[in-house]
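Each remark here refers to the structure printed beneath this line.
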Amino acid sequence: MRGTYPTDQLLTVAAPDTVYDPDADDVVQAELAADAAAAAAREAELREAARVAARADELQALRELGTLEQTEPREGDEAARDELTRRAGSYVQKDVDAWLAHALAAHRGHYADPAARVTAADLLPTHLLAHAALLTELAHLVPGAGVDQLAFAARLAAADPEASGDLAAFLARARSGQN
């Protein structure tokens with residue numbers, strides 16, 4: 001069928017001996033630009049996946065060395081946590097979760113920034129956020145309590161995140177003198 005495609009339409013109205021130039025065709029150029037943008041987006045996704053995998057490998061190595069607790073969290077560690085969890089199947093790395101909860105509660109690393117803490121609330125699971133909230137309040141209640149003394153907070157948060165969050169909120173109200 002003549003005239004159904006833009007190129008056919010151009011050729012039927014073009015002067016004789018006119019040579020088609022795809023560089024002058026807006027449709028072709030738009031398609032090429034869209035293809036280039038899609039390729040750039042795919043490349044960015046691959047780079048981000050590689051960065052997350054490398055950080056997950058780093059966290060795994062630090063766990064194995066027993067030095068994870070001394071490590072400062074960075075932006076994107078939530079994705080590295082998810083990668084470690086994905087690698088382990090349904091098993092969640094309890095030590096990585098505890099490390100993130102302690103860092104979140106203490107505002108360490110990139111969690112010193114309030115915006116990073118807000119972002120983390122959207123990226124981390126409920127039990128981890130409840131654990132961090134409980135640690136925050138327990139640190140006010142018993143300053144200087146060691147990580148090993150507060151290990152029960154992780155078990156409480158894992159068993160019942162909602163109740164742990166409620167307990168943290170109750171402790172916060174009690175600390176501020178509200179009922």
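Position 1 is the first residue of the sequence, and the numbers go up from there.
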Applying the 4.5 Å side-chain criterion to the ILVMFWY set and letting contacts propagate, would Leu65 and Val96 be lumped into a single cluster? no
Residue pairs meeting salt bridge (Lys or Arg N to Asp or Glu O under 4.0 Å), one or both in residues 33-43, sequence neighbours left out, come to Glu43-Arg47
Closer than 3.5 angstrom, by distance alone: can the side chain of Glu31 be matched with the main-chain N or O of Val28 as a donor-acceptor pair? no
Between Ala105 and Ala132, what is the shortest heavy-atom contact and its length? CB-O, 3.4 Å
Applying side-chain hydrogen bond (donor to acceptor under 3.5 Å, both in side chains), can you list everything that pairs with Glu58, at least two apart in sequence or on another chain? Arg55, Arg74
CD (Glu69) with more than 12 external heavy atoms under 6.0 Å: yes
NZ/NE/NH1/NH2 to OD/OE distance under 4.0 Å, Arg86 and Glu83: yes
From Leu104 atom CG to Trp99 atom CH2, the distance as rounded to the nearest 0.5 Å: 11.0 Å
Tightest non-hydrogen contact, residues Gly165 and Ala130, listed as N-CB, 4.0 Å
Could you state whether Leu123 and Leu128 fall into the same hydrophobic cluster, counting links through intermediate Ile, Leu, Val, Met, Phe, Trp or Tyr residues with side-chain heavy atoms under 4.5 angstrom apart? no
Rounded at 0.5 Å granularity, tell me how far CG in Leu59 sits from CG in Leu100. 8.0 Å
Determine, using the 4.5 Å side-chain heavy-atom cutoff (strictly less than), whether Leu129 and Leu84 are members of one ILVMFWY cluster. yes
Partners of Asp57 by side-chain hydrogen bond (donor to acceptor under 3.5 Å, both in side chains), sequence neighbours excluded? Arg87
Can you list every pair that meets salt bridge (Lys or Arg N to Asp or Glu O under 4.0 Å) and has a residue in residues 137-161, with sequence neighbours left out? Glu137-Arg175
dist Tyr111:OH -> His102:NE2 (nearest 0.5 Å) comes out at 13.0 Å
Atom pair CZ/CG of Arg81 and Asp97 - distance to nearest 0.5 Å: 4.0 Å
For Glu48, give me all partners under salt bridge (Lys or Arg N to Asp or Glu O under 4.0 Å), at least two apart in sequence or on another chain. Arg51
Could you tell me whether a side-chain N or O of Thr71 sits under 3.5 Å from a main-chain N or O of Thr67, the two making a donor and an acceptor? yes
From Leu124 atom CG to Arg117 atom CZ, the distance as rounded to the nearest 0.5 Å: 13.0 Å
Distance, nearest 0.5 Å, that separates CD of Glu162 from NE2 of His127: 15.5 Å
Would you say that more than 12 heavy atoms from the other residues, nucleotides or ligands in this model lie under 6.0 Å from the CD of Gln29, or not? yes
With sequence neighbours left out, the residues meeting side chain to side chain contact (heavy atoms under 4.5 Å, CB included) with Leu134 are Leu138, Ala153, Leu156, Ser164, Leu167, Ala168, Leu171
